[in-house]
Every structure is written in C-alpha cells, then in structure tokens.
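For reference, the structure discussed in these notes is given below.
We count residues from 1, following the sequence as given. Whatever order the structure lists them in is the order used to number ligands and atoms, beginning at 1. Worth saying up front: this structure is predicted, and the values here are computed from it rather than measured.
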Amino acid sequence: MSTGPTRPVVGVLALQGDVREHLAVLHAEGADARPVRRPEELADLHGIVLPGGESTTMAKLAARWGLLQPLRDAVGAGLPAYGSCAGMILLADRLLDAPPGQETVGGLDVTVRRNAFGRQVDSFETRVELDGLAGGPVHAVFIRAPWVEEAGPGVQVLGRVVGGPADGRIVAVRQGDVVATSFHPELTGDRRVHALFVDIVRRHLADAERGEP
Ligand SMILES: NC(=O)CC[C@H](N)C(=O)O
C-alpha cells in the first residue's frame, strides 16, 4: 500500500488495450483512477498510465483523437507516467522494428525494440527482480513484449531478464517520474509496481503543492 494523505488522480489512456485491469489496480492502490479518451481529460491528472495492448493502433488512435501532442506536452512538462508493454513502446523516444512513421509520446531516453522476444516465444512468464522493490522478484507476464535495447545515461535500469535466450535484456526502467515495464503487472494480482508508481505520483504532487520543482 502506498502511504500519504492525498488521493492522487491517475488517468489510464483508454483508447485500446487492458485499461480496466490498470484502473482496478490503481484504485486498489488508493488512486482516483479514471479512463482518459479526450485531451480535456488530461488537465486534472496527477499521473497517467499507458496500458498494454497494441502500440501502433494506440498511437494512431491517439493522433486521430487529438491526444498525442497533449500527451507529449504533459509528459514533457513532468506529468508522472507509467507504461506497461505497449505503454513502454509509447513512452520510448526511439523505436526499432516498428512500422515506418510510428509515433510515440516519448519521455524515456531509450530505444525500445517491439516484439523483441521473437515469434517462438510470443508469450512467457518468468520472475524479474526489480531494483528498489521490496518483497522479492515480481511474476512477470510477457505478451509479444518489447525490450529496451539501449538506455541513455539518465535512465535507471530497474530490471533485467535472468536466464534463457533473453538473458540480461532490460525489461523495466525509470527516468525521473516516468516508469516502464515490458511486462504486465496489471494481469498478475501483484500490485507492487503500481504501488511504486502511485507513490511517485504522490511525491510529485506533494512537491508541486509545496511549490518545489
Ligand atoms: N502486450 C502488449 O502490450 C504487446 C505490445 C505489442 N506487441 C505492440 O507492439 O504494441
């Protein structure tokens, strides 16, 4: 459970993907969790989650509904953001193996490779140790998942795959108040990654209320 007096408002981009699952976990972690479909709905948020799903579709829909640039502006201005799987792809500054011209929100100085684990291992589950997360490794569910091919100097690597053909690949990162995982904690019942994010949102909000940058 996250602590702190304020009930932060956390949006989930609700154009496509596993929106309900994220809303439920955020709610359980004490956030006022809301689906976001229109640019106006970004205004009240203290944080945003970009769900798992299909990043190409999500990016196209976001552009069509006039959300892509407002999302870029909001994350660029410091709105805390968490992306799982397709959401990680959307938060990446650079993409590999994406259709030409696939746009992103950006915010993470990383190069992300889409569908990186390959067709033979479309989906798999393993345990991933996350830096700074108490309570042991998380049960990580990967579904046609990306990985972080390269991370810039300001990016903290939170977790890597251990063992198997993808040994050492980066699957969880943080840069400031932006977090991304290749896997889907919203599908496992383990709320610790969302708790970490809600905590980041609360701290950001508390700093803003104190007038700190
Ligand atoms: N489970 C997922 O979110 C898969 C991501 C998907 N492969 C994409 O490129 O968007």
Side-chain angles (χ1 to χ4, degrees), residues 10-26 33 35-37 47-65 67-68 71-72 75 81-128 130 138-151 158-161 164-166 169-174 178-194 196-197:
V10 180
V12 179
L13 184 65
L15 301 174
Q16 192 267 340
D18 63 350
V19 176
R20 264 190 313 166
E21 290 80 354
H22 278 289
L23 287 170
V25 188
L26 290 165
V36 171
R37 296 189 183 86
I48 179 105
V49 169
L50 308 181
E54 216 291 313
S55 61
T56 313
T57 307
M58 252 187 261
K60 280 189 189 151
L61 290 173
R64 186 179 307 160
W65 297 110
L67 266 161
L68 196 57
L71 275 169
R72 278 185 192 132
V75 175
Y82 166 52
S84 69
C85 201
M88 170 189 262
I89 296 169
L90 288 172
L91 287 172
D93 284 348
R94 296 168 298 280
L95 297 183
L96 295 170
D97 292 342
Q102 177 164 336
E103 296 196 270
T104 71
V105 172
L108 282 174
D109 179 18
V110 294
T111 304
V112 163
R113 186 179 293 279
R114 285 184 67 228
N115 301 336
F117 292 88
R119 292 210 173 274
Q120 279 91 345
V121 281
D122 241 9
S123 302
F124 69 103
E125 303 184 14
T126 187
R127 291 163 78 75
V128 174
L130 292 189
V138 296
H139 177 84
V141 176
F142 294 86
I143 305 169
R144 290 183 295 286
W147 67 42
V148 174
E149 186 98 5
E150 253 176 20
L158 296 180
R160 295 175 188 266
V161 173
R169 290 296 182 179
I170 301 169
V171 292
V173 289
R174 174 173 178 178
V178 182
V179 178
T181 60
S182 303
F183 49 89
H184 293 271
E186 71 279 11
L187 302 180
T188 63
D190 183 339
R191 304 207 303 258
R192 287 177 292 159
V193 173
H194 289 78
L196 170 82
F197 179 62

(message) Please list, in number order, the atoms of ligand 1 under 4.0 Å from a heavy atom of E54.
(response) 8 (C), 9 (O), 10 (O)

(request) State the atoms of ligand 1, each with its element, that fall below the 4.0 Å cut-off from a heavy-atom position in G52. (result) 3 (O)

(message) Is there a polar contact, in the sense of an N or O pair closer than 3.5 Å, between R144 and ligand 1?
(response) yes

(message) Please check whether I89 reaches ligand 1 - meaning an N/O of the residue sits under 3.5 Å from an N/O of the ligand, judged on distance alone.
(response) no

(message) Side chains of H139 and E125 only: does a donor on one sit below 3.5 Å from an acceptor on the other?
(response) yes

Backbone N or O of [Y] within a donor-acceptor pair of the [X] side chain at under 3.5 Å?
| X | Y | value |
| --- | --- | --- |
| T104 | A92 | yes |
| S182 | P146 | yes |
| D93 | G107 | yes |

(request) Find the distance between CD1 (I89) and CG (L108) and round it off to the nearest 0.5 Å. (result) 12.5 Å

Starting from [atom], which protein heavy atom do you reach first, and at what distance in Å?
| atom | result |
| --- | --- |
| atom 9 (O) of ligand 1 | R114 NE, 2.7 Å |
| atom 10 (O) of ligand 1 | S55 N, 2.4 Å |
| atom 7 (N) of ligand 1 | N115 OD1, 2.6 Å |

(request) Closest by any non-hydrogen atom to atom 6 (C) of ligand 1: pick that one out of C85, P146, G53, A145. (result) G53

(message) Contact between ligand 1 and H184 is defined here as a heavy atom of the residue under 4.0 Å from a ligand atom; is it met?
(response) yes

(message) Please verify the inter-ring angle class for Y82 with F197; under 30° counts as parallel, over 60° as perpendicular, anything in between as tilted.
(response) tilted

(request) Identify the residue among R114, R144, K60 that makes a salt bridge (charged side-chain N to carboxylate O under 4.0 Å, His left out) with E54. (result) R114

